[in-house]
Amino acid sequence: MKRYIILFLALVILSTSVFVIPASAQVLGDTDGDGKLSIVDATFIQQHLASLRKLSDEAMKNGMVYDGEKLTIADATLIQRKLASMIDHFPVEDLRPTEPPTQAPTQAPTQAPTQAPTQAPTQAPTQAPTEAPTQVPTEKETVTPLSSQVDIYFSNNKNWSKVNAYLFNSKTLKASAAWPGSAMPFYKTNDLKEKVYKLTVNVSQYDRVIFNNGTDQTTDTPVTKASSGYFIIGKIGSKFVAGVYPYGQSDEGQIKTVSMEYSQGYKKNIYIWTPVGYNPSDKTKKYSVLYMCDGQNLFGQKTTLSGYEWECDETVLSLMERGGDGVIVVGIDNSNNKRDNELTPNLGALAPGVGTYGDYKNGNGKQYADFIVDKVIPYVEANYNCNSIRGIAGSSSGGIEAFYIGIEHMDKFDYIGALSPAFVLYTESVWKNYLNSKDFSGDIPRIYFFNGYGNLTNDLLERQLYTNAKAMITWMKSCGYDESKMLWVEDKEATHNEAFWALYFPEMLSFGLGV
């Protein structure tokens, strides 16, 4: 199990004018023209990509710190990582032959209480067969029901003098006790000399907790059957954000990287994670599979550009600690500057003013969907011990694409996770025209929708996505989708970031599996 102390960098609200880099500015990553690198530069890139600002050609070129070819969200996140001292130089610097290579990026991980090593994908991808096997499971599986009584653990890595747990129900807002909640009993001291506190929670009554010491507090934090350990990963605005880990579990499972030919003429990496206890020789033990877009941001900082991760392995291991079934997680890597195009389904005319600076127009989302359904799924199910339960999930552009894949192939997926989905790319009329073309009268997937609002940092991108994300349940219901199969979750403090998607991933998985 791993834990990283992550610095959260607040976004700044700025006007929507065009900024030009002065000729004297020589700082790589400087997009606002002030001659230095700051969080404003990352914010300008995010706003430019969201069509909230127009950068000059020179400013865009200066902001291309990833590959020097195109301005993408990777450039903004790399600037954040450098400001947080998580890297000491930008990847584009390694591509310049006139400059000698600098030291490899340094990171200072904080070990988990179990002090387990970090598991990264294998270094040498293996070649997948050119024609994927067609063997798929035919039987329909069920999941193991779990108790609603769960033990949660809080590792006090901030040395609070006391730890309270303010438990409440996110729908009724009913709390277990008045603020600041109930004092968490001390449980033990871990190997990092941190005091660990333990509390039993009935998650059928209370699904949110705010950890606090009476003054400092975390944001609203989900509590589910797939949650166990919590600790503080950083501060955003005036509040702390909790990270998750599988308390008492030291084995992180295994990751294998497979390289597959993609229809657009290049190869795409597939990361296949199997949990602790997985035995390829034991054909009697079968696992459900969750397929996820943006596979490079799922399992660890060695595979992520943003510095954050979804903590997918931690969540599955926590679920298994509760007695739940294991899940194989398959991450499909994006292709660098092709992400916007790959993860955008072509549903019709784009919404006015959206995607002006991106490659959203005439998106190749169908090719991406076909790749997963026709090649990735058959390969996984022919080479791993899988049952018939499948999920598909993603965030942002990956969120709209996961939703599209699940709706296009409702017979193949049992649940869909759409977190901070880019539904804003299309108007209500385009969406309803698309949804009305589908037959929702049969067996349909569960769908988990999540979006933040960025109140703590004025996150304009997350706010831009909020309206259509929230409206989608209403639109789908009007087109015949069973409302009981959908769950809308919002967090007004959450930002457009893997840290928050990781926080809500356990809830998505619990809802999707129906445990």
Side-chain angles (χ1 to χ4, degrees), residues 46-47 49-52 73 292-294 334 339-366 368-369 391-410 413 415-438 440 444-454 459-481 483 485-492 494-497 500-501 504 508 511-512:
Q46 290 178 316
Q47 292 175 334
L49 295 174
S51 302
L52 301 174
I73 194 62
M292 296 192 66
C293 306
D294 290 319
N334 69 49
R339 180 177 185 270
D340 292 344
N341 185 262
E342 285 183 353
L343 301 182
T344 300
N346 188 359
L347 305 182
L350 291 170
V354 174
T356 306
Y357 309 110
D359 288 339
Y360 305 109
K361 187 176 182 180
N362 300 321
N364 282 314
K366 183 181 186 305
Y368 188 91
I392 181 78
S395 62
S396 196
S397 289
I400 185 176
E401 179 66 15
F403 174 79
Y404 167 76
I405 295 172
I407 295 299
E408 285 292 298
H409 302 279
M410 291 182 286
F413 294 99
Y415 62 98
I416 302 168
L419 289 82
S420 305
F423 294 153
V424 71
L425 290 176
Y426 297 104
T427 62
E428 178 181 354
S429 62
V430 171
W431 276 115
K432 285 188 173 180
N433 182 61
Y434 170 71
L435 296 171
N436 277 320
S437 70
K438 303 300 177 184
F440 297 137
I444 56 177
R446 292 168 172 257
I447 310 179
Y448 179 91
F449 298 99
F450 168 82
N451 216 97
Y453 201 69
D459 187 333
L460 300 182
L461 178 56
E462 191 72 353
R463 290 183 181 181
Q464 187 184 36
L465 302 178
Y466 176 86
T467 301
N468 278 18
K470 185 173 185 178
M472 185 55 73
I473 284 187
T474 302
W475 298 345
M476 295 193 69
K477 183 181 176 182
S478 71
C479 295
Y481 210 92
E483 187 177 14
K485 290 279 193 173
M486 299 182 287
L487 177 63
W488 161 256
V489 176
E490 65 180 59
D491 183 340
K492 290 296 180 66
T495 56
H496 198 77
N497 191 288
F500 278 100
W501 300 328
Y504 282 86
M508 184 216 79
F511 176 76

At their closest point, which heavy atom of N436 faces which heavy atom of C479, and how far apart are they?
OD1-SG, 3.4 Å
Closest heavy-atom contact between N362 and N341?
O-ND2, 3.6 Å
Y368: partners by side chain to side chain donor-acceptor pair (under 3.5 Å), with sequence neighbours left out:
none
Qualifying residues under side chain to side chain donor-acceptor pair (under 3.5 Å), relative to S478, sequence neighbours excluded:
none
Please round to the nearest 0.5 Å and tell me the distance separating atom CD1 of I392 and atom CD1 of I407.
12.0 Å
Min side-chain heavy-atom separation W431-M476 under 4.5 Å
no
State, with a plain yes or no, whether a side-chain heavy atom of Y481 is found less than 4.5 Å away from one of P445.
yes
With sequence neighbours excluded, residues passing side chain to side chain contact (heavy atoms under 4.5 Å, CB included) with F511:
R446, Y448, L487
Tightest non-hydrogen contact, residues D294 and S395, listed as OD2-O, 4.0 Å
Between T495 and G454, the two heavy atoms sitting closest are CG2-CA, 4.4 Å
E490: partners by side chain to side chain contact (heavy atoms under 4.5 Å, CB included), with sequence neighbours left out:
Y466, K470, W488, K492
Of all residues at least two apart in sequence or in a different chain, which pass the side chain to side chain contact (heavy atoms under 4.5 Å, CB included) check with S420?
F450, N451, E462, L465, H496, W501
Flag the pair I400 / M472 as yes when at least one side-chain heavy-atom distance between them is below 4.5 Å, and no otherwise.
no
Return the set of residues passing side chain to side chain donor-acceptor pair (under 3.5 Å) with N468 (not counting sequence neighbours), or none when no residue passes.
none
Going from CG on L350 to OG1 on T344, what distance comes out if it is rounded to the nearest 0.5 angstrom?
8.0 Å
Tightest non-hydrogen contact, residues T427 and P352, listed as CG2-CD, 4.1 Å
Measure across V430 and A349 and return the closest heavy-atom pair with its distance rounded to 0.1 Å.
CG2-O, 3.8 Å
Rounding to 0.5 Å, atoms NZ (K485) and CD1 (I473) come to a distance of 14.0 Å
Quick one: side-chain hydrogen bond (donor to acceptor under 3.5 Å, both in side chains) pairs with a partner in residues 399-410, sequence neighbours left out?
E408-Y434, E408-K438
Look up atom CG in L435 and atom CH2 in W475, then write down how far apart they are to the nearest 0.5 Å.
9.0 Å
Non-neighbouring partners of K432 that pass salt bridge (charged side-chain N to carboxylate O under 4.0 Å, His left out), sequence neighbours left out
E428
Once you measure the plane-to-plane angle for F449 and F423, does it fall in the parallel (<30°), tilted (30-60°) or perpendicular (>60°) bin?
perpendicular
Mind checking the CZ-CG spacing from F403 to L419? Nearest 0.5 Å is all I need.
13.5 Å
Could you state the interatomic distance from CD (E483) to OG1 (T474), rounded to the nearest 0.5 Å?
8.0 Å
Set of side chain to side chain contact (heavy atoms under 4.5 Å, CB included) partners for S397, sequence neighbours left out
R339, D340, L343, Y360
